[in-house]
Amino acid sequence: MRAERHWQRAREVSELARRQGALVPLDTRILPVPGMEPFVLRELLSSTPRHLRQGGPRPNPFLPWDRPLQVDLLEPAHVLLLNKYPVQEAHLLVITRDWRPQGGWIETCDWQAVAQVGRDTGGLWFFNSGARSGASQPHRHLQLLPRRPGEPSCPLAPLFLEQLETGEPAWSWAYRLSRRSDPLGGSDLEGLYHAHARALELGEPGRDGEPLHPYNLLFDDDWFLTVRRVREHGAGFSVNALGFAGFLLITEGSDRGWLERHGPWALLKDVAAPRS
């Protein structure tokens, strides 16, 4: 049983940061639209945060990071922060203390930092490799939505587990799905990352300076998923890694009618690379 120390600390920091105005939770509501199951469709009721609206070069919000959002220092080179604009309480970010590009390869030290948190707190981890896969910041960060023991990490988790049992791919886009072997130690993460990158022709860290294509990562204690991407938007929806976990967000530019006619699986197919 995990101690959930980081999750508990995140809740404590969240309360203080909210009172100080450093934490700005987004106001959303779940829309029970027929035909969306098992996807969870939320509508954004708050105004879109400025850093997600602005074009052109963006200031780096992590250099320096906002100290009221700091949950823990992960030695030797990372910090655990609260997401400033969360939909879920205690939405956590593992970031590098020094500059590292979000579009570069995830490095051994990054996986070690993830493992430090994962030994204590489980949940849904995800990563957006750049703007075309839904990243809103250029500074390297992996994200965690904590979950309690036995709680599904995301709406599509049962389908991922079913695929691992049958061994049959279910979708027509380019992805790889593997079973985790060391959920508490995290020693399997880097190997899975490299194996999926090779299989999806994203490149090799030792050979290619950066990944050759945009991609998303998602993983929990049981499975590890990589999806190769071609674009961030589809039908007015901004789709990041959470879309492939079963979470979709309607904003003012989203074409809800298109989604109701074609369904969420068609949206994912539109923004992912086709399976070769």
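When a residue number appears, it is its place in the shown sequence, counting from 1.
Screening F127, W125, Y193 against W111 for a ring pair (Phe, Tyr, Trp, His ring centres under 6.0 Å) leaves a single residue, Y193. When each of V117, L144, V13 is tested with L80 by the rule side chain to side chain contact (heavy atoms under 4.5 Å, CB included), just one qualifies, namely V117.
Atom CZ of R18 has 12 or fewer heavy atoms from other residues, nucleotides or ligands within 6.0 Å. Enclosure of atom CD in E201 is not indicated, since only 12 or fewer non-hydrogen atoms of other residues, nucleotides or ligands lie within 6.0 angstrom.
Considering all non-hydrogen atoms of both residues, L217 and Y215 come closest at CG-CE1, 3.8 Å. The minimum heavy-atom distance linking A272 with V230 is given by the pair O-CG2, 3.7 Å.
A salt bridge links R5 with D72: the closest approach of a Lys/Arg side-chain nitrogen to an acidic carboxylate oxygen falls below 4.0 angstrom. Under the 4.0 Å criterion applied to side-chain N and carboxylate O atoms, R179 and E165 are assigned as salt-bridge partners. Checked for salt-bridge contact, R231 and D270 meet the test: a charged N lies under 4.0 Å from a carboxylate O. Of the charged side-chain nitrogens involved, at least one lies within less than 4.0 Å of a carboxylate oxygen, so that R19 and E15 count as a salt-bridged pair. For D221 and R2, the salt-bridge test passes: some basic side-chain N is under 4.0 Å from an acidic carboxylate O.
Annotation: the span from L267 atom CG to W258 atom CH2 amounts to 5.0 Å, rounded to 0.5 Å.
Annotation: side chain of F62 is not in contact with side chain of T96 (no heavy-atom distance under 4.5 Å). In this structure, the side chains of P38 and L156 come closer than 4.5 Å at one or more pairs of heavy atoms.
Aromatic ring pairs are classed by plane angle as parallel below 30°, tilted from 30° to 60° and perpendicular above 60°; the pair Y175 and W171 is tilted.
A donor-acceptor contact shorter than 3.5 Å is absent between the side chain of E43 and the backbone of L31. Side chain of S46 to main chain of L26: no donor-acceptor pair is present (N/O by atom type, distance under 3.5 Å, no hydrogens or angles).
Inspection of the T121 and H6 side chains reveals no N or O donor paired with an N or O acceptor under 3.5 Å.
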